[in-house]
Amino acid sequence: MAPDPTQAELLVDAQARLGEGPLWCPVEQALYWTDIQSSILSRWCAADGAVRVWPMPERLGSFAFCEEPGRLLLALASGVALFDLERGALLTPIVPVEPENPTTRLNDGRCDPQGRFVVGTYNQTPDEAPIGHFYRITSTDGALHVERLPLPKIGVANSLAFSPDGTRMYFTDSPTRQIWCVDYHADGRLGAPRPFVQLGAHEGFPDGATVDAEGGLWSAHWRGHCVVRYDADGRETDRLALPASQITCPVFGGAGMDELFVTSARAGVTAEELRGEPAAGGVFRLRPGQRGVAPHRFRG
């Protein structure tokens with residue numbers, strides 16, 4: 001019997017404490033991701049399967065490729081900065097984001113089609129109360145600028161993704177189990193947020209997300225052992241099981257943009273649970289029969 005292409009393959013046994021934010025680089029044919037709690041950035045190359053690791057000066061919540069090759073925009077715990085991959089060093093000082101909230105750090109983020117980076121915060125207190133915000137990062141003459149977006153306060157920002165035509169943005173405050181969408185305009189204006197999907201109590205929590213070329217939203221379900229696809233109307237169309245409970249974020253990649261890479265987390269998994277999910281913290285690969293779109297790059 002031929003193997004099921006939707007079955008998850010353990011691509012990298014990363015054993016990440018909190019693997020997150022995967023991005024596919026079509027130019028390098030390589031997958032990048034972060035282990036937030038370990039303050040490292042990793043890259044897997046499709047050509048030879050080699051993995052390279054860069055230590056970060058702080059926990060790295062998310063990042064974006066820049067238009068200039070070899071550079072990244074980093075969303076570090078305390079703020080944003082530009083990073084040179086070859087030198088393995090920051091190119092700019094860290095620009096603080098939300099310094100008035102000492103318990104928050106930057107978390108999930110994605111570039112919009114105009115090359116601006118949208119990122120949200122995570123409240124690290126036990127109650128994860130909604131005291132943080134979403135921000136948009138731009139660059140002018142080499143300087144990074146931070147703009148707070150007119151969206152509801154959040155506790156754990158996740159699910160940031162843009163529709164293929166760039167006219168819709170998705171986001172969530174994970175503890176609420178509710179994914180929202182909002183009309184997104186090229187000039188930066190946002191419409192009123194409206195509910196998109198509500199997860200049930202048994203389905204886990206919405207974490208990172210990505211979109212496919214047809215406009216479907218693929219959502220990682222933290223503590224749900226799966227990635228779920230919703231069409232543009234919020235109807236579930238696909239549900240792919242994974243051999244780990246703490247699924248964090250999917251992204252499309254591969255030579256044909258038809259492979260789905262998924263990160264996961266090991267921190268917080270009990271010793272008993274690990275016996276049943278030894279690949280927790282790994283990076284998985286599936287072939288779900290859909291194609292993705294290349295990531296937008298940060299313009300500066």
Side-chain angles (χ1 to χ4, degrees), residues 10-97 105-111 115 117-122 137 139 142 144 160 207-208 210 246 248-254 259 261-267 279-285 294-300:
L10 179 60
L11 184 73
V12 181
D13 188 13
Q15 299 190 19
R17 295 171 64 194
L18 184 51
E20 265 286 9
L23 280 183
W24 177 259
C25 180
V27 176
E28 299 178 58
Q29 288 292 292
L31 180 74
Y32 288 75
W33 72 95
T34 174
D35 182 348
I36 298 177
Q37 296 300 79
S38 299
S39 301
I40 59 173
L41 173 74
S42 298
R43 179 186 66 192
W44 172 86
C45 289
D48 56 9
V51 176
R52 180 176 175 182
V53 171
W54 290 265
M56 294 285 109
E58 297 179 2
R59 286 167 295 167
L60 177 63
S62 54
F63 57 95
F65 302 128
C66 294
E67 286 190 320
E68 185 170 348
R71 291 188 176 183
L72 301 178
L73 175 71
L74 304 181
L76 297 161
S78 67
V80 292
L82 295 175
F83 184 78
D84 185 276
L85 285 165
E86 184 175 349
R87 293 166 48 199
L90 296 183
L91 292 168
T92 62
I94 297 173
V95 177
V97 178
R105 65 161 173 81
L106 291 183
N107 200 48
D108 193 29
R110 284 292 184 272
C111 269
F117 187 69
V118 179
V119 64
T121 61
Y122 165 47
I137 313 301
S139 175
L144 298 176
L160 276 169
D207 203 314
T210 193
Q246 296 181 162
T248 56
C249 192
V251 72
F252 280 94
E259 300 175 9
F261 300 94
V262 184
T263 50
S264 65
R266 199 176 185 89
V283 178
F284 302 96
R285 177 167 60 183
H296 301 298
R297 290 177 174 261
F298 183 70
R299 294 178 183 172

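Please read these numbers as outputs of a predicted model, since none were measured by experiment.
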So how far is it from [X] [atom1] to [Y] [atom2], rounded to the nearest 0.5 Å?
{"X": "Cys25", "Y": "Leu31", "atom1": "SG", "atom2": "CG", "answer": "10.0 Å"}
{"X": "Tyr122", "Y": "Asn107", "atom1": "OH", "atom2": "CG", "answer": "8.0 Å"}
{"X": "Ile36", "Y": "Leu106", "atom1": "CD1", "atom2": "CG", "answer": "10.5 Å"}
{"X": "Thr121", "Y": "Asp108", "atom1": "OG1", "atom2": "CG", "answer": "11.5 Å"}
{"X": "Trp44", "Y": "Gln29", "atom1": "CH2", "atom2": "CD", "answer": "9.0 Å"}
{"X": "Thr263", "Y": "Leu11", "atom1": "OG1", "atom2": "CG", "answer": "12.0 Å"}

Task: Proximity of Phe63 and Phe83 rings by center, below 6.0 Å - done: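 Here the rings of Phe83 and Phe63 have centres that are no less than 6.0 Å from each other.
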So which atom in [X] and which in [Y] form the shortest heavy-atom distance, rounded to 0.1 Å?
{"X": "Leu60", "Y": "Thr34", "answer": "O-OG1, 2.8 Å"}
{"X": "Phe298", "Y": "Gly115", "answer": "CD1-O, 3.3 Å"}
{"X": "Val118", "Y": "Leu160", "answer": "O-CD1, 3.5 Å"}
{"X": "Ala280", "Y": "Ser264", "answer": "C-OG, 4.0 Å"}
{"X": "Ala81", "Y": "Pro93", "answer": "CB-O, 4.0 Å"}
{"X": "Trp24", "Y": "Ala46", "answer": "CH2-CB, 4.2 Å"}

In chain order, what residues pass the side-chain hydrogen bond (donor to acceptor under 3.5 Å, both in side chains) check against [X], with sequence neighbours excluded?
{"X": "Arg299", "value": "Glu67"}
{"X": "Arg59", "value": "Gln124"}
{"X": "Ser38", "value": "Asp35"}

Open item on the list: Please list all pairs meeting salt bridge (charged side-chain N to carboxylate O under 4.0 Å, His left out) that have one or both residues in residues 39-48, counting only residues at least two apart or in different chains.
Closed with: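 Every salt bridge (charged side-chain N to carboxylate O under 4.0 Å, His left out) pair that includes a residue of residues 39-48, provided the two are not neighbours, is Glu28-Arg43.
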- [ ] May I have all residue pairs that pass salt bridge (charged side-chain N to carboxylate O under 4.0 Å, His left out) and include part of residues 75-90, sequence neighbours excluded?
- [x]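 Passing the test, one end in residues 75-90: no pairs.
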Open item on the list: Between Tyr32 and Phe65, is the side-chain contact (heavy atoms from CB on, under 4.5 Å) condition met? List the steps.
Closed with: CA-CA 10 Å; Tyr32 288 75; Phe65 302 128; 3.6 Å; yes
Partners passing side chain to side chain contact (heavy atoms under 4.5 Å, CB included) against [X] (at least two apart in sequence or in another chain):
{"X": "Thr210", "value": "Trp218, Pro250, Val251, Phe252, Leu260"}
{"X": "Glu68", "value": "Arg71"}
{"X": "Ser62", "value": "Ala75, Phe117, Val119"}
{"X": "Pro57", "value": "Leu76, Leu90"}

Open item on the list: Tell me every residue that passes ring pair (Phe, Tyr, Trp, His ring centres under 6.0 Å) with Phe284, counting only those two or more places apart in sequence or in another chain.
Closed with: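 Applying ring pair (Phe, Tyr, Trp, His ring centres under 6.0 Å) to Phe284 gives none.
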Task: Any residue meeting salt bridge (Lys or Arg N to Asp or Glu O under 4.0 Å) with Glu58, in chain and number order, not counting sequence neighbours - done: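 Glu58: no salt bridge (Lys or Arg N to Asp or Glu O under 4.0 Å) contacts found.
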Can you list, pair by pair, the side-chain donor-acceptor contacts under 3.5 Å of residues 12-23, counting residues two or more places apart and other chains?
| residue | atom | partner | partner atom | Å |
| --- | --- | --- | --- | --- |
| Arg17 | NH1 | Gln37 | O | 3.1 |

Open item on the list: Is the shortest side-chain heavy-atom distance between Leu73 and Leu82 below 4.5 Å?
Closed with: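 Side-chain contact under 4.5 Å: yes.
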